[in-house]
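Basis for what follows: all heavy atoms, side chains included, without hydrogens, waters or symmetry-related copies. Counting from 1, the numbers follow the sequence of the chain as shown.
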Amino acid sequence: MAEAFNLRKYGIDTETIYRNSSVPVLYELGLRLEKGTAISDVGALMTYSGEKTGRSPKDKRIVRHPDSENNIDWGDINIGLDEHTYMVNHERALDYLNTREHLFVVDAFAGWDPDYRIKTRIICTRAYHALFMQNMLIMPSKEELANFGEPDYVVMNAGGFPANRYTSEMTSKTSIDVNLERKEIVILGTQYAGEMKKGLFGVMNYLMPLEGVMPMHCSANVGEKGDVSILFGLSGTGKTTLSADPKRKLIGDDEHCWTDKGTFNIEGGCYAKAIDLSAENEPDIFNAIRFGTVLENVVYDKDTRQVDYSDVSITQNTRASYPIEFIDNIQIPCIAGHPENIIFLTCDAFGVLPPVSKLTPEQASYHFISGYTAKVAGTEMGVTEPQATFSACFGAAFMMWHPNRYAELLAEKIKTHKATAWLVNTGWNGSGSRMKLKHTRAMIDAIHNHDFDNAEYVTDEEFGFQIPTSCPNVPEEVLIPKNTWEDKEKYTQVKNKLVTLFNDNFEQFKANVNPEIVAAGPKVAETA
């Protein structure tokens, strides 16, 4: 008889371990043991993550070690931690895990390409966390699980237990610690499931450039002719929504790699924002919510168990986690060829960026390093001041190397494989209206259908990119931002403000970036 699976090699003696359990088992345990867990009217598992309903980037630490410290871009994002403090937190996590009557283990893969995938082991205390990671990773077959062996990376999620704030270098009761040499991630003081997913993404972002592979915080899909598009974008720009396209097969919604052979998804599932979700606007995502889906921090009717996706009283960061197979039109395995189109999504609240424009390779590198989007502080456009957000590589929180390392990889691959780069603004125009989703979809369709190949373009004087003057199924007046502003002088002032924000942000990168990329940045317009 085969020996029962155990975790003793990690110093964990808990006897009852649920390893790669079935969805019904995880449902039963979650409903019985975890406060706030319920089943929705369509069969999704509704869960509550506790006090933390989003990531805690200021509490993420990377252990300093001679083997890797010269590769890390240390600073406000990649914050260092000494080995001793890491081991204090590691011991604290083990102590907590050893007090649990049962634990959950998920053994699965990150990366669909067998040449680059890593074996991961998640050790956690909640059925919800296990189901979440079984959705988000690539689950092994029975044969693969039997021969799984030792994992490449281990995540110890003791998030139900706090870090000790009086421990050296701790800033709160939350700590997410990555140790590249021990190949471990330790989580304390947060039960938000996204920390596990993004922790492993950070590891892939470190490992892949060592092999000449470009890791990307992007969604990706592929057309009938094998043409691949990747869509970069920060949260709220439409990365997940726009990649779920009924006319194209979804490769993945969030994390990918670009190798010498093509593109592959790192994940086995999707993690979609659920705020204001509707069957009309996002049918693919809406229909993916069923038995096996995790709904995180949503508000629901206590009698009917129907979810109110517009209710953000718990958090605006409501989420749905489901296996990619829950989307109808998908590419399985999640591997495809080289990208033909690179689409940078931004949600510009200043109302000055065009809804679609074509970039040169140098401009693409500039906008990739900048990683711009903006949000409105309040609820009404024009009443509150827009807030610009710059996140290098459209995912600075997960990038361990200097942004230029990723930008060089992207520029090299765009050049080698002759990809075309586009900037698509899903935000606001000068009239205070947000771009209609149907118009944005039409512009993405036009990119895929090569409708812009023979279009007339005008050059944006400040940013330098090319703006098409026509697009099928989109009113011409919305394509040129200046036309949507009644006060043209105000338009120039606001645009100059945004240009200045771009330039000020880029100062931190100039010393390490190719001069041609620096020169591709925007210029302040001359005013009368």
Side-chain angles (χ1 to χ4, degrees), residues 71 73 75 77 205 208-209 212-220 228-234 237 239 255-260 263 338-346 348 353-354 356-374 388-425 447 452 457 459-467 498-524:
N71 298 335
D73 184 31
I77 291 169
N205 275 313
M208 291 298 101
V213 172
M214 169 75 184
M216 303 175 291
H217 184 219
C218 70
S219 58
V228 174
S229 285
I230 54 178
L231 296 88
F232 288 95
L234 298 174
T237 57
K239 184 160 51 71
E255 303 174 5
H256 294 81
C257 290
W258 188 350
T259 72
D260 290 338
T263 314
H338 294 290
E340 186 175 297
N341 291 294
I342 316 293
I343 299 169
F344 300 122
L345 298 171
T346 185
D348 175 35
L353 288 184
V356 62
S357 52
K358 187 160 71 169
L359 311 178
T360 65
E362 291 76 24
Q363 288 168 347
S365 293
Y366 181 91
H367 283 274
F368 178 68
I369 292 173
S370 298
Y372 165 73
T373 194
T389 300
F390 293 93
S391 182
C393 311
F394 292 94
F398 324 116
M399 306 294 165
M400 292 199 194
W401 299 80
H402 188 279
N404 196 47
R405 179 70 185 264
Y406 302 104
E408 285 176 348
L409 278 167
L410 181 68
E412 174 202 330
K413 292 192 181 295
I414 286 176
K415 190 175 179 182
T416 302
H417 303 289
K418 298 180 172 55
T420 305
W422 306 84
L423 183 67
V424 170
N425 173 22
I447 290 170
F452 292 139
Y457 288 86
T459 302
D460 186 281
E461 290 184 10
E462 288 71 45
F463 281 89
F465 38 53
Q466 300 288 302
I467 307 171
L498 182 58
V499 168
T500 301
L501 289 170
F502 263 93
N503 291 337
D504 289 350
N505 173 70
F506 211 81
E507 281 294 321
Q508 62 186 307
F509 306 117
K510 282 173 75 171
N512 297 305
V513 170
N514 184 313
E516 293 173 358
I517 295 173
V518 178
K523 316 289 187 293
V524 173

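Asn425 contributes a side-chain N or O that, together with a main-chain N or O of Asp348, makes up a donor-acceptor pair within less than 3.5 Å. Put simply, the side chain of Ser391 gets close to the backbone of Ala396: a donor and an acceptor are under 3.5 Å apart. Using modelled atom types, no side-chain atom of Tyr406 and backbone atom of Pro215 make a donor-acceptor pair closer than 3.5 Å. The main-chain N or O of Gly464 is found under 3.5 Å from a side-chain atom of Gln363 such that the two form a donor-acceptor pair. Not a single donor-acceptor pair under 3.5 Å links the side chain of His417 to the backbone N or O of Ala419.
Interatomic distance, CD of Glu362 versus CD1 of Ile414, reported as 9.5 Å (0.5 Å rounding). Of the inter-residue distances, the one linking Leu345 atom CG with Cys218 atom SG reads 10.0 Å to the nearest 0.5 angstrom. The NE2 atom of His217 lies 7.5 Å from the CG atom of Leu234; values are rounded to the nearest 0.5 Å. Once rounded to the nearest 0.5 Å, the distance linking CD1 of Ile343 with OG of Ser229 reads 4.5 Å. Taking CG of Leu409 as the reference point, atom CG of Asn404 lies at 10.0 Å (rounded to 0.5 Å). We find the CD-OG1 distance between Glu516 and Thr360 to be 9.5 Å, quoted to the nearest 0.5 Å.
Leu423 has its side chain out of reach of Tyr372: every pair of non-hydrogen atoms, C-beta onward, lies at least 4.5 Å apart. Contact of the Leu410 side chain with the Trp258 side chain is registered, since non-hydrogen atoms from C-beta on lie closer than 4.5 Å. Put simply, the side chain of Phe232 does not reach to within 4.5 Å of the side chain of Thr237, judged on heavy atoms. For the pair Ile467 and Phe465, the minimum side-chain heavy-atom distance is below 4.5 Å. With contacts defined as side-chain heavy-atom distances shorter than 4.5 Å, the pair Phe502/Tyr366 qualifies. For the pair His338/Thr263, no side-chain contact is recorded, criterion being any heavy-atom separation below 4.5 Å from C-beta on. At least one side-chain heavy atom of Phe344 sits less than 4.5 Å from a side-chain heavy atom of Leu359. Within the 4.5 Å cutoff, the side chain of Val518 has heavy atoms near those of the Phe506 side chain.
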Audit row: Phe394, Lys239, side-chain contact (heavy atoms from CB on, under 4.5 Å) steps and yes/no: CA-CA 11 Å; Phe394 292 94; Lys239 184 160 51 71; over 6 Å; no

Test log, rule side-chain contact (heavy atoms from CB on, under 4.5 Å), inputs Phe452 and Val356: CA-CA 10 Å; Phe452 292 139; Val356 62; 4.0 Å; yes

Worked verdict on Lys510 versus Glu507 for salt bridge (charged side-chain N to carboxylate O under 4.0 Å, His left out): CA-CA 5 Å; Lys510 282 173 75 171; Glu507 281 294 321; 3.3 Å; yes

From CA spacing to verdict: side-chain contact (heavy atoms from CB on, under 4.5 Å), Met399, Asp73: CA-CA 8 Å; Met399 306 294 165; Asp73 184 31; over 6 Å; no

side-chain contact (heavy atoms from CB on, under 4.5 Å) assessment of Met216 paired with Ile230: CA-CA 9 Å; Met216 303 175 291; Ile230 54 178; 3.5 Å; yes

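Ile517 and Ser365 make their closest contact through CD1-CB, 3.6 Å (heavy atoms, listed as atom of the first residue, atom of the second, distance).
Residue Gln508 qualifies as enclosed at atom CD: its count of foreign heavy atoms under 6.0 Å is above 12. Residue Lys523 qualifies as enclosed at atom NZ: its count of foreign heavy atoms under 6.0 Å is above 12. Crowding of Asp504 atom CG: a count of heavy atoms from other residues, nucleotides or ligands under 6.0 Å exceeding 12.
The closest side-chain donor-acceptor pair between Ser357 and Gln466, if any, does not fall under 3.5 angstrom.
When each of Met214, Arg405, Met400 is tested with Pro209 by the rule side chain to side chain contact (heavy atoms under 4.5 Å, CB included), just one qualifies, namely Arg405.
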